[in-house]
Protein chains: 2
Amino acid sequence: MTHILGPRAARKLQTRQALLDAALALTEDQTLSSVSLREVSRAAGIVPAGFYRHFPDMESLGVALVEQSLGGLRTAIRAVRSGLTESDEIARHSVRVLAREVRAHREQFRFIARERYGGMSRVRQAIREQLRLFSDELAADLLGGDAAAAPVLGRWDAEDVRMLTDLMVDHIMSTAAALLDAPAARPAMERQIRDSASRQLRLIIVGARHWTGIKHDASPIPTTGRKDALTPEE
Amino acid sequence: MTHILGPRAARKLQTRQALLDAALALTEDQTLSSVSLREVSRAAGIVPAGFYRHFPDMESLGVALVEQSLGGLRTAIRAVRSGLTESDEIARHSVRVLAREVRAHREQFRFIARERYGGMSRVRQAIREQLRLFSDELAADLLGGDAAAAPVLGRWDAEDVRMLTDLMVDHIMSTAAALLDAPAARPAMERQIRDSASRQLRLIIVGARHWTGIKHDASPIPTTGRKDALTPEE
């Protein structure tokens, strides 16, 4: 990057990144709203007044941090794209990829889990928007021509597809948060979280394969026919 | 309570409650870890040194606040107990109860949503323990003699029952957090969240009714028989 930007612009980018890294490190035990601009600047090795050359305020730094922190989550979400097969192995594989990403990007996942419902509304909103984009991408993938899920989801209305991918993204976020809270000293706890999360993901997929859209309770007469007529063969 | 306790003990309890209320009010836009003991004391009308007559530290106050804040959530979780019927109306009813509880106990739900992944580990742990108790209660209810779900869940192994009730509790928490973030000025947004949450709850229930336990991919031969043989009639 130094080649293209020249040394001065490159230094500026480095300082910006140092501020982002410092904020991420400082939010290990607290939320961003508890961290002061002064603390972040000091940790990045600049004077507080220098902060404003990079961000107008702490919320803007938070929004930038959201954008930088979601790479691992995106990879984890992509792992669910294998389609909607009821296979236990595929569910386990998806959760394994998630656990690996959480380990590799621990600080970033922790930041997102905390700030998702944390104090700064612009940061919260940035996370919500990014998760919505992930949900859209997942929907596009599951509906894609070569996806195993396409024949099932192709018949669904748009709200149903969205509720399913939102549920999957929420499930991934909850699982990531549970994994973050498992003490490193207790590997059995992590295994248990992963096992439970795989079962849950598969249960969601089983639900999706047997989903028949909204049913109203207009008729009190017991159903006699099969309800899962839309379920395709595997 | 004054009758039993005497005026002095009653005053002490009142001050304790004033501290809890002040902390809840102060965490409307920030997490508890950003609030100082001094601020809470001032807002409760006592000197900071007086705080220690009620709580040894801010974390202990946080744990007490968790215990006081979960009433609405418990009511919302109870609404899912109607059993595991695939009825759209029942799912909608559960989510309606949740939305009502969130409106009635907004500050408490916000506190729990924030602190669940927030900065103070003892507070986080208290929330985790309470949610686990709720999940246990829900499991006991769904397995209870008169529950519609009992014939289905009675055949499941304990880990499967737990993963289902954990998924339901997580879903309730995510929905509550989404409802809290919907601006009061946009009722259509709340309706959309509720609609999506009811569909998700019903999809989870459909998944549960068609759940057949862990399936391994040992055999690559396509399944020919029905997989949902365990699904009872409605």
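In the text below, chain A, chain B and the rest are named by the order of the sequence lines, each starting its count at 1. Any value given below was found using the heavy atoms of this structure, including those in side chains, with hydrogens, waters and symmetry copies removed.
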Q.
Going by the rule side chain to side chain contact (heavy atoms under 4.5 Å, CB included), which residues pair with A/Val161 if we only count those two or more places apart in sequence or in a different chain?
A. A/Ala139, A/Leu143, A/Trp156
**Q.** Spacing of CG belonging to B/Asp160 relative to CZ belonging to A/Arg202, to within rounding of 0.5 Å
**A.** 8.0 Å
Q) Is there any residue in residues 184-191 of chain A with a non-hydrogen atom under 4.5 Å from a non-hydrogen atom of chain B, and which ones are they? A) none
Q | Spacing of CG belonging to B/Leu32 relative to CD belonging to A/Gln30, to within rounding of 0.5 Å | A | 13.0 Å
Q: Please round to the nearest 0.5 Å and tell me the distance separating atom CZ of B/Arg114 and atom CZ of A/Arg116.
A: 13.5 Å
**Q.** Interface residues of residues 170-182 of chain A facing chain B - non-hydrogen atoms under 4.5 Å apart
**A.** A/Asp170, A/His171, A/Ser174, A/Ala177, A/Asp181
Q | Candidate pair A/Ile204 and B/Leu167, rule side-chain contact (heavy atoms from CB on, under 4.5 Å), full reasoning | A | CA-CA 10 Å; A/Ile204 292 170; B/Leu167 183 61; 4.2 Å; yes
(Q) Only pairs of heavy atoms separated by less than 4.5 Å count here; which of A/Thr27, A/Thr31, A/Asp166, A/Val35 has the most with chain B? (A) A/Thr31
Q.
Looking at every non-hydrogen atom in both residues, tell me the closest pair between A/Gly207 and B/Val206 and how far apart they are.
A. O-CG1, 3.7 Å
**Q.** residues 122-130 of chain B: residues contacting chain A (heavy atom under 4.5 Å, by number)
**A.** B/Arg124, B/Arg128
Q) To the nearest 0.5 Å, how far apart are NE2 in B/His210 and CD1 in A/Ile205? A) 15.5 Å
Q | Nearest-0.5 Å distance, CE of residue B/Met163 to CG of residue A/Leu203 | A | 4.5 Å
